[in-house]
Amino acid sequence: MKKIKRLIITIFAVSVIVIGLNLFTEGMPLLGIPEIEKIDKVVIEHKDYPDEYKTYSDEENIELAVALLGYLRYSSLKGLSDDNQLIKITYIMDDGTEQVVAANNYTVWWNGKPSALHDENTFVKMCTAVFFAEN
């Protein structure tokens, strides 16, 4: 019985260490990402294109806008650098509520709360390439 307890404690300790190292090296994913089925439309704004507000209600672009959130990982160990938002995506839900993600090259704001980005520049570049490439 003692061997089983020791084995369970060892497995638990190793799991905690592996998860901790993964979060440290890969960053923390955003929690509470909206479900695609519950999104009515998506509005995308980019500071470098101030005259263009992209609004999408088709399934393909909504899926793209949600999939991009998978590349947003934040680091609780980095400090925040500035508050200048370059890109903003508003997810308008079927019930009329909104969830907003905004980012610049170093910071992400998820529903108003800022966090330092783990992979700097990636999210803004991807959003620009996907939704503003024709410019």
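Note that these values count all heavy atoms, side chains included, but never hydrogens, waters or copies made by symmetry. This structure is a prediction, so every number in the text was calculated from the model and none was measured.
For the pair Pro114 and Thr107, the tightest heavy-atom approach, listed with the atom from each and the gap, is CB-CG2, 4.1 Å. Considering all non-hydrogen atoms of both residues, Glu35 and Met93 come closest at O-CE, 4.4 Å.
A 4.5 Å side-chain heavy-atom check between Leu69 and Trp110 finds at least one atom pair inside the cut-off. With a 4.5 Å cut-off on side-chain heavy atoms, Tyr106 and Leu117 do not count as touching. Side-chain contact between Tyr53 and Ile44: absent, with no pair of heavy atoms (C-beta onward) separated by less than 4.5 Å. Two residues are said to be in side-chain contact when any heavy atoms from C-beta on lie closer than 4.5 Å; His46 and Cys127 fail this criterion. Between Val43 and Tyr56 there is no side-chain heavy-atom pair separated by less than 4.5 Å.
Under the 4.5 Å side-chain contact rule for hydrophobic residues, Val101 and Ile92 do not share a cluster. At a threshold of 4.5 Å between side-chain heavy atoms, the hydrophobic network of Ile, Leu, Val, Met, Phe, Trp and Tyr places Ile36 and Phe131 in one connected group. Using a 4.5 Å cut-off between side-chain heavy atoms of Ile, Leu, Val, Met, Phe, Trp and Tyr, with links allowed through other members, Ile39 and Val100 fall into different hydrophobic clusters.
Atom CD of Glu63 has more than 12 heavy atoms from other residues, nucleotides or ligands within 6.0 Å.
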Quiz prompt | Working for side chain to side chain contact (heavy atoms under 4.5 Å, CB included), residues Phe123 and Ile89 | solution = CA-CA 12 Å; Phe123 182 72; Ile89 303 176; 3.9 Å; yes

Exercise. Give the intermediate values and the outcome of side chain to side chain contact (heavy atoms under 4.5 Å, CB included) for residues Thr55 and Val42.
Key: CA-CA 6 Å; Thr55 302; Val42 175; over 6 Å; no

Quiz item: Between Val66 and Tyr91, does a side chain to side chain contact (heavy atoms under 4.5 Å, CB included) hold up when you go through it step by step?
Solution: CA-CA 9 Å; Val66 172; Tyr91 300 89; 3.9 Å; yes

Practice problem: Apply side chain to side chain contact (heavy atoms under 4.5 Å, CB included) to Asn104 and Gln85, showing your working. | Solution: CA-CA 5 Å; Asn104 61 28; Gln85 299 176 353; 5.8 Å; no

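In this structure, Ser15 contributes its side chain and Ile11 its backbone to a donor-acceptor pair below 3.5 Å.
Considering CG of Asp48 and CD1 of Ile87, their distance stands at 9.0 Å, rounded to 0.5 Å. Atom CE of Met126 and atom CG of Leu72 lie 9.5 Å apart (nearest 0.5 Å). With rounding to the nearest 0.5 Å, the separation of CD in Glu37 from CD in Glu59 is 8.5 Å. Atoms CG and NZ, from Asp58 and Lys41 in turn, are 13.0 Å apart once rounded to the nearest 0.5 Å. One distance of note links CD1 of Ile17 with CZ of Phe12; it measures 10.5 Å at 0.5 Å rounding. Taking NZ of Lys38 as the reference point, atom CD of Gln99 lies at 10.0 Å (rounded to 0.5 Å).
Donor-acceptor pairing under 3.5 Å is recorded for the side chains of Asn84 and Lys47.
By the 6.0 Å and 45° rule, Lys54 stacks over the aromatic ring of Phe132.
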